[in-house]
Protein chains: 2
Amino acid sequence: MRLNSKSRYAVMALADMASFIDNKPVSLRDISLRQSISLQYLEQIFLRLKKNNIVKSIRGVKGGYVLTKDASTLKLSEIFSALDENVKTTGCDNNSKKGCNGRSTKCITHNLWDELDVHINAFFENKKLEDLIKN
Amino acid sequence: MRLNSKSRYAVMALADMASFIDNKPVSLRDISLRQSISLQYLEQIFLRLKKNNIVKSIRGVKGGYVLTKDASTLKLSEIFSALDENVKTTGCDNNSKKGCNGRSTKCITHNLWDELDVHINAFFENKKLEDLIKN
DNA sequence: ATATACCCGACTAAAATAGTCAAGTTTACG
DNA sequence: CGTAAACTTGACTATTTTAGTCGGGTATAT
Ligand code: FES
Ligand code: FES
């Protein structure tokens, strides 16, 4: 099981922002340099974060991004869902009655993977952005 | 985060075997039919399981596979590692001192992903094959 | 004016995934 | 003995996902 780089970078970038507590906007260029993440990749990521109201943008010179909520209330699960990075270990469509094998009942492992999803999501639900900057 | 089909099928197939408690060998053909998994894919999977001593094989007519240990002691983590399906959410080489960004120190999110790995692995470590057949 | 910084859609090389194919070997059973 | 059932093994492939890049915008402080 891997984590994709978009999510990893998103958390990294937001943690970077949060560690500079002055509420001036932070430019992606700065994050890019400090964290060694491609600027153009960051732009892609922040578009998503913005659309999902995790950051807001200020355009023009001296512009950048600011967090819309405090790092102490921002959950990792919010960040992940903003990037469509959802945990899904089942092989079937969870919204359907059908199983991963195409049959009309769920397979013998379905409940296990369901439990696993819950287990992993709990981690993201309980972690706040703040938790990783007070290090 | 997804789970690959090899691991999912491996657990499914082993659970199938474990639910027939008579200790006669179970043929892949039977598992294939009961669980709707491609026979040839199962062969590939069981090669791995055999090499890692999770099952043993009996060749020839009336042959098949049998579990080498009891379902009550077989941990999911053993199955996963047999298939090289390891949890790894960090972006860096954990054995190296270097960070995911190529620098000489670990990045600001490294400890978080490390914690996540531990969290997920704990699930596989605590789950036994038996847990999913007494349903 | 102009440089800084966000905005956004399209594109792509490389890797991973989810299998299939083909050609064996071994052994129970009639 | 012959044969079918079942394991063994390596190679191959189509598709999808990943991890970005490219290129052309628009807004605004100075
Ligand atoms: S994983 Fe949902 S039915 Fe198999
Ligand atoms: S994830 Fe290990 S250094 Fe970034």
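Note on naming: letters A, B, ... go to the chains in the order of the sequence lines (proteins, then strands), and numbering restarts at 1 for each one.
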Open item on the list: Applying side-chain hydrogen bond (donor to acceptor under 3.5 Å, both in side chains), can you list everything that pairs with B/K69, at least two apart in sequence or on another chain?
Closed with: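 Expected list: B/E78.
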TODO: Measure from the side-chain N and O atoms of B/D70 to the backbone N and O of B/T73, and report whether any donor-acceptor pair falls under 3.5 Å.
DONE: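 No, because the side chain of B/D70 does not come within donor-acceptor range (under 3.5 Å) of the backbone of B/T73.
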TODO: Mark yes or no for whether B/T68, through its side chain, and B/N53, through its backbone, hold a donor-acceptor pair below 3.5 Å.
DONE: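 Pair found, side chain donor or acceptor close to backbone of B/N53.
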To the nearest Å, how far apart are [X] [atom1] and [N] [atom2]?
{"X": "A/K62", "N": "C/dC6", "atom1": "NZ", "atom2": "C1'", "result": "17 Å"}
{"X": "A/N101", "N": "C/dA18", "atom1": "CG", "atom2": "C1'", "result": "16 Å"}
{"X": "A/M17", "N": "C/dC6", "atom1": "CE", "atom2": "C1'", "result": "13 Å"}
{"X": "B/I45", "N": "C/dA18", "atom1": "CD1", "atom2": "C1'", "result": "10 Å"}
{"X": "B/Y65", "N": "C/dT27", "atom1": "OH", "atom2": "P", "result": "14 Å"}

TODO: Output all residues satisfying ring pair (Phe, Tyr, Trp, His ring centres under 6.0 Å) with A/H110, sequence neighbours left out; order by chain, then residue number.
DONE: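 If we apply the ring pair (Phe, Tyr, Trp, His ring centres under 6.0 Å) test to A/H110, skipping adjacent residues, there are no hits.
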TODO: Name every residue in residues 52-61 of chain B that has at least one heavy atom under 4.0 Å from any atom of DNA chain C, in order of residue number, or write none if there are no such residues.
DONE: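 Residues of residues 52-61 of chain B that come under 4.0 Å of DNA chain C are, in numerical order, B/R59, B/G60, B/V61.
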Open item on the list: Between A/I37 and A/L39, is there shared hydrophobic-cluster membership here, with clusters defined by ILVMFWY side-chain heavy atoms closer than 4.5 Å?
Closed with: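 Yes, A/I37 connects to A/L39 through the hydrophobic network.
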Open item on the list: If hydrophobic residues (ILVMFWY) are linked whenever their side-chain heavy atoms come closer than 4.5 Å, directly or via other members, who joins A/V66 in its cluster?
Closed with: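 Its cluster mates, by chain and number, are A/I58.
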- [ ] Take nucleotides 10-23 of chain D nucleotide by nucleotide from the 5' end and write B, S or -, depending on whether a protein heavy atom sits under 4.0 Å from the base, only from the sugar-phosphate, or from neither.
- [x] ---------BBBBB
Task: Within residues 24-37 of chain B: residues closer than 4.0 Å to DNA chain D (heavy atoms) - done: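 Here the set is B/V26, B/S27, B/L28, B/R29.
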Open item on the list: Within the 4.5 Å heavy-atom criterion, are B/F80 and B/V11 side-chain neighbours or not?
Closed with: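 Side chain of B/F80 against side chain of B/V11, heavy atoms only: contact under 4.5 Å found.
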Task: NZ/NE/NH1/NH2 to OD/OE distance under 4.0 Å, B/K6 and B/D84 - done: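 No, this pair does not count.
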